[in-house]
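This report refers to the structure that appears directly beneath it.
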Amino acid sequence: MSYQQQEKYEDTELYRIRHSAAHVMAQAVMEMFEPGEAKITIGPPIENGYYYDFDLPRNLTPEDLKAIEKRMRQIIAKHHPFEKKVVNAERAKEMFADQPYKIELIEGLEEGGFDEYGEPLEEKPEISFYSHDTFTDLCRGPHVEHTGKINPSAIKLMSIAGAYWRGDENKPQLQRIYGTAWKTSQELEEYLHMLEEAKKRDHRKLGKELDIYTFSDEVGPGLPLWLPNGGTIIEELEDLAKEVELAHGYERVRTPHLTKEDLFHRSGHLPYYAESMYPPMDMDGVKYYVKPMNCPMHHKIFDARPRSYRDLPIRLAEYGTCYRFEKSGELFGLMRVRSMQMNDAHIYCSEDDFETEFMDVIAMYMEYFEIFDIEKYIMRFSTHAKDGLGKKYVDNERLWLKTEEMVRQAMQNGNVPYVEVPDEAAFYGPKVDVQVWSAIGREFTLATNQVDFSQPVSFDLSFKNSAGENETPLVIHRAPLSTHERMIGFLIEHYAGKFPVWLAPEQARIIPITDGQNEYALDIESKLKAVGVRAKADLGSDRMNAKIRAAQKMQVPYMLVVGNQEVENQSVALRLRDGSRKDGTPVDEFVSLVEDKIATRSSELL
RNA sequence: GCCACUGUAGCUCAACGGUAGAGCAAUCGCUUCGUAAGCGAUAGGUUAUGGGUUCGAUUCCCAUCAGUGGCUCCA
C-alpha cells in the first residue's frame, strides 16, 4: 500500500539496493531454466525488501531458494554494472519476443496508459531497459551502479508464494519470491530479530497460551470458541461500549441472527454481497439467510413507526452476531473469521445533521484510542470507482459524489488527517476506516464509519421534516470497537498479552508461601471478589517460586505474596508482572488501588 | 477460492520403512519453602481423516480436512 511508505523511499539508496537485488535474483532464477522456459514479470522493492514474480515450468522448492541465494552472492561479487538503455516500443517488443508478460507491459507503456500494476499513468513514459551481466529487464530504475553495491551478507530470500498476474484472480498464477536486503548485515540481523519478536506477540500464539480462544475442527474453520478468559474480555468491552454509547445518545436493540431472503434483496446484500454470505436454508419454500450485517433489521426497527425530525438522530446500537462466508484462504486467527460479533450501530439522521453525527463517531474513535493507547493507525477514506457502478457499488453516481464530498468536508473541517483511496467503498456508500497492523505486519481494518445513501431509499425510510414533508434520512453505519474477534485479536498483540487491569481475565493472584497462609489467602481472595476484582488464591502444592512463574506466564498484573509476616500485618507483598515489588502493602490499600485502576480503566499498574 | 508448505500426547518438539519418546502441563505422593521452574511416581497417542504401495507405514503415494506463508477479498 503506497500510503504506508514515505514518499521518499523511492529516492533512497536502500530502494535502489532492493530493486537491484530483485534483478540479480531474477537472473539467478532465469539461469535455472532453459532459455525461453522461464517468464519474468515484475519485481519491485517493497517495505523491508522486494519480490519478483515468475511464470515457471515447475514449482520452486525451499532448496531452490538456497541455491538462488548462493548464486546471487556470486553475481554480486562480480561487480557487474547496471546499464540503462532507452528504446522505442518496437525495439522493446523484439527484445522481449519470448516474454509475453513483458510484451503486455510494453504495450501498456506504449499506449501511454498503464504501469506495471495496471494502474493508469498520468503521462506517457519512456521505455527503458536495465542490464547487468546476462540479465536485461524492462525497468524504469533506478539502480545502484553495479551489483557489488549490494552487500552479500545483508540479503536473504524469505519465502515462496503464489501471486496472480496483475493481482487479478482470473489471470495466471505466478510464483513470487520474497527477499529482503539491507545495507549492513547488522541491519539484516535486526530485521530478522524483529520478525522473531513479532511472532512471539502473534495473537494466535498468545491467544492459545493465555487461554483466550480456541478452534475445533468439528465446529468449523473461522468459527472461534471463546474460552472463559476470552469471555471475560468480551464482557469488559461490552460494558465499555454500553457506557460510551449511553453517553453519546445511543439506544440498544436486539435482532435475530436469521431473516428471510427478501430482506436482503431489499437491502442490496444479495445482489452485491452474496459471495460473502452463507448459503440459505429452505423452510417450506421460503429461504432464510444467516445475517452478514445487522443493518437491514435496524432499518426495520427505525421503520416500526412513523418518525419525526424531532426524533432524529436515532442511534440504534447492538453487539450483533454476524456470519460471513470468507474464502478459506482468507481466514486468519481471530482477525478474519466467519462468525463475529460487531460493535454495530446505525445512526439515522438528516443531511443537516450528517456532519455532526459523522464527526461524533470519529470523536468516539479517539476516546477509545486513548483508553487503549492506540497510536499507530491511519484513517482511510474509501470512495467509489466509476466503472464499479452497478457492479460493486449501487448505481447512483450523483449520490456517491454528493456523500463523498460531505465526508471529505467533515474530515477537513474536523482537522482529521486521512488518506483517500478510490474503489474501496462499501457497496452502499463511502466510508472512513481505521487501518492498523498486526504483529506480523499484516494491515487490516479495525474500526469503520460508513455512509449509506442507498438502503434508506430501498427501505422507504422516511421522517416528517419541519415543513411536514417526508424526507429520506441518511444512515451512518459505524463500528468503532470493530468486532470482538478482530478487536481482541488486535488487543492481544497490541498489549503483547499484558492487558491493562480492567481487561485482564485474572486481575490478582494470591500466592501463599506455605500452606500455613492458605486461609489468609482465601480471605484476601474473597475480599477482592466482594468488590468485583477477578482474584484467585493459588493453594497448590508448588513452591512459591513456581507459583510466581505460573502467574507471570499468564500475565496476571498483580501477584500478592503472603507469608507469616503479611498475616501478622494484614498486608501483602505486592509483586507486579513487570517484576517490581511493593512489600508490606496493607490489604485495604491494595484493594483500593486495584479498584481505582479498574474503575478508571488505567493503563498503569501503580 | 488459487499457489506452495505443514499436520506425532493439552503445549513445545524427537523418532522418518521394522508396530512411538522427551520436557512442560495434568493427577497422586513427598516437600512447607520469601519473589520466574523442589523431588518422585502415575496417567496420557488407531502418529488429522480415508484409501493405496509394502511381509511390515508415523515414515512412501493419492484424496479429503485443517493450519501456515502469500495472492485475491475484508470488520
Side-chain angles (χ1 to χ4, degrees), chain A residues 51 53 56 59-62 64-65 158-178 199 202 204-205 208-209 211 214-218 220-222 273 275-276 292-293 320 322 324-337 340-344 382 392 424 426 431 433-435 440 442-448 450 477-487 489-490 511-518 540-553 559-566 573-577 579-581 583:
Chain A
Y51 67 80
D53 285 350
L56 303 174
N59 288 323
L60 293 169
T61 65
D64 289 326
L65 231 48
M158 305 300 286
S159 61
I160 309 166
Y164 299 108
W165 169 235
R166 292 200 149 164
D168 183 341
E169 61 184 324
N170 301 310
K171 293 197 163 131
Q173 179 128 32
L174 309 169
Q175 295 190 71
R176 172 173 296 181
I177 300 177
Y178 280 96
K199 269 188 200 165
D202 189 314
R204 291 167 298 183
K205 183 175 159 67
K208 193 184 273 182
E209 287 171 4
D211 289 330
T214 188
F215 284 101
S216 156
D217 280 1
E218 283 183 275
Y273 204 77
E275 239 186 43
S276 301
M293 294 183 191
C322 297
R324 299 184 184 174
F325 195 80
E326 308 288 352
K327 294 178 188 169
S328 58
E330 294 168 346
L331 301 174
F332 176 60
L334 276 181
M335 304 277 204
R336 191 77 183 276
V337 290
M340 71 211 79
Q341 217 173 339
M342 299 176 63
N343 174 228
D344 211 358
S382 302
K392 282 166 78 174
E424 298 269 323
K431 59 177 181 172
D433 289 334
V434 177
Q435 301 297 109
I440 59 169
R442 234 183 258 194
E443 179 183 343
F444 58 93
T445 302
L446 190 67
T448 190
Q450 313 180 339
H477 306 236
R478 42 110 281 180
L481 288 181
S482 191
T483 59
H484 283 320
E485 288 71 18
R486 189 166 283 183
M487 189 70 192
F490 170 77
I511 298 172
I513 293 176
T514 73
D515 51 19
Q517 295 86 41
N518 281 1
S541 63
D542 279 331
R543 293 178 61 210
M544 173 201 65
N545 286 298
K547 290 180 184 178
I548 288 176
R549 182 178 150 84
Q552 282 286 156
K553 291 192 90 171
M559 281 153 271
L560 314 180
V561 179
V562 293
N564 278 327
Q565 210 178 310
E566 283 71 25
L574 177 60
R575 179 196 162 98
L576 308 184
R577 70 178 159 213
S580 65
R581 285 168 58 176
D583 290 355

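It should be emphasised that the depicted structure is a prediction, and the values quoted were computed from it without experimental measurement. Numbered from 1 within each chain, the chains take letters A, B, ... in sequence-line order.
In this structure B:G69 sits in a base pair with B:C3, meeting the Watson-Crick or G-U test at under 3.5 Å. Under the Watson-Crick and G-U wobble criteria, each requiring two contacts below 3.5 Å, nucleotide B:A15 is left unpaired. Nucleotide B:A63: paired with B:U49 (Watson-Crick or G-U wobble, both distances less than 3.5 Å). Pairing for B:C24 goes to B:G10, judged as Watson-Crick or G-U wobble with the two contacts each under 3.5 Å. For B:A36, there is no paired nucleotide, since no Watson-Crick or G-U wobble pair has both relevant distances below 3.5 Å. Taking a pair to require two hydrogen-bonding distances under 3.5 Å in either a Watson-Crick or a G-U wobble arrangement, B:G56 remains unpaired. When Watson-Crick and G-U wobble pairs are counted only if both distances are under 3.5 Å, B:G44 pairs with no nucleotide at all.
Checked by atom type and distance alone, the side chain of A:R486 pairs as donor or acceptor with a backbone atom of A:M335 at under 3.5 Å. A donor-acceptor contact shorter than 3.5 Å links the side chain of A:E485 to the backbone of A:Q341. Looking only at distances, a side-chain donor or acceptor of A:R324 sits under 3.5 Å from a matching main-chain atom of A:P292. A donor-acceptor pair under 3.5 Å is formed between the side chain of A:K547 and the backbone N or O of A:G540. Checked by atom type and distance alone, the side chain of A:R204 never pairs as donor or acceptor with a backbone atom of A:L334 at under 3.5 Å.
Atom CD1 of A:I511 and atom P of B:A37 are 12 Å apart (whole Å). Put simply, CG on A:L60 is 10 Å from P on B:C5, counting in whole angstrom units. What separates CD of A:E209 from C1' of B:C24 is a distance of 12 Å, to the nearest Å. Across the protein-nucleic acid pair, A:I548 atom CD1 and B:A36 atom P stand 6 Å apart, rounded to whole Å.
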Anything under 3.5 Å between a protein N or O and an N or O of nucleotides 27-34 of chain B, put it in a table, one pair a line.
residue : atom : partner : partner atom : Å
B:U32   : O2   : A:D515  : N            : 2.9
B:U32   : N3   : A:D515  : OD1          : 3.3
B:U32   : N3   : A:D515  : OD2          : 2.8
B:U32   : O4   : A:D515  : OD2          : 2.7
B:G34   : O6   : A:N564  : N            : 3.4
B:G34   : O6   : A:Q565  : N            : 3.3
B:G34   : N1   : A:E566  : OE1          : 2.8
B:G34   : N1   : A:E566  : OE2          : 3.4
B:G34   : N2   : A:E566  : OE1          : 3.2
B:G34   : N2   : A:E566  : OE2          : 2.6

Chi angles and distances behind the side-chain contact (heavy atoms from CB on, under 4.5 Å) call for A:Q517, A:E566: CA-CA 9 Å; A:Q517 295 86 41; A:E566 283 71 25; over 6 Å; no
Under the criterion side-chain contact (heavy atoms from CB on, under 4.5 Å), I'd like the reasoning laid out for A:L65 against A:L60: C-alpha separation, chi angles, the key distance, then a yes or no. CA-CA 8 Å; A:L65 231 48; A:L60 293 169; 5.6 Å; no
Evaluate A:N59 against A:Q175 for side-chain contact (heavy atoms from CB on, under 4.5 Å), listing each step before the verdict. CA-CA 8 Å; A:N59 288 323; A:Q175 295 190 71; 3.8 Å; yes
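Residue A:R575 places at least one side-chain N or O under 4.0 Å from the OP1 or OP2 atom of B:A36.
Residue A:K208 is classed as a sugar-phosphate contact, given heavy-atom separations below 4.0 Å to backbone atoms only.
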Along nucleotides 59-75 of chain B, 5' to 3', which nucleotides get a B, which get an S, and which get a -, given that the test is a protein heavy-atom distance under 4.0 Å? -------SSSBBBBBBB
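A heavy-atom distance below 4.5 Å is found between the side chains of A:R549 and A:K553.
Straight-line distance between the P atoms of B:C65 and B:C24: roughly 39 Å, to the nearest whole Å. Of the C1' atoms belonging to B:U54 and B:C61, the separation is 12 Å, rounded to the nearest Å.
Mapping A:K553 and A:Q175 onto RNA chain B by nearest heavy atom places A:Q175 closer to the 5' end of the strand.
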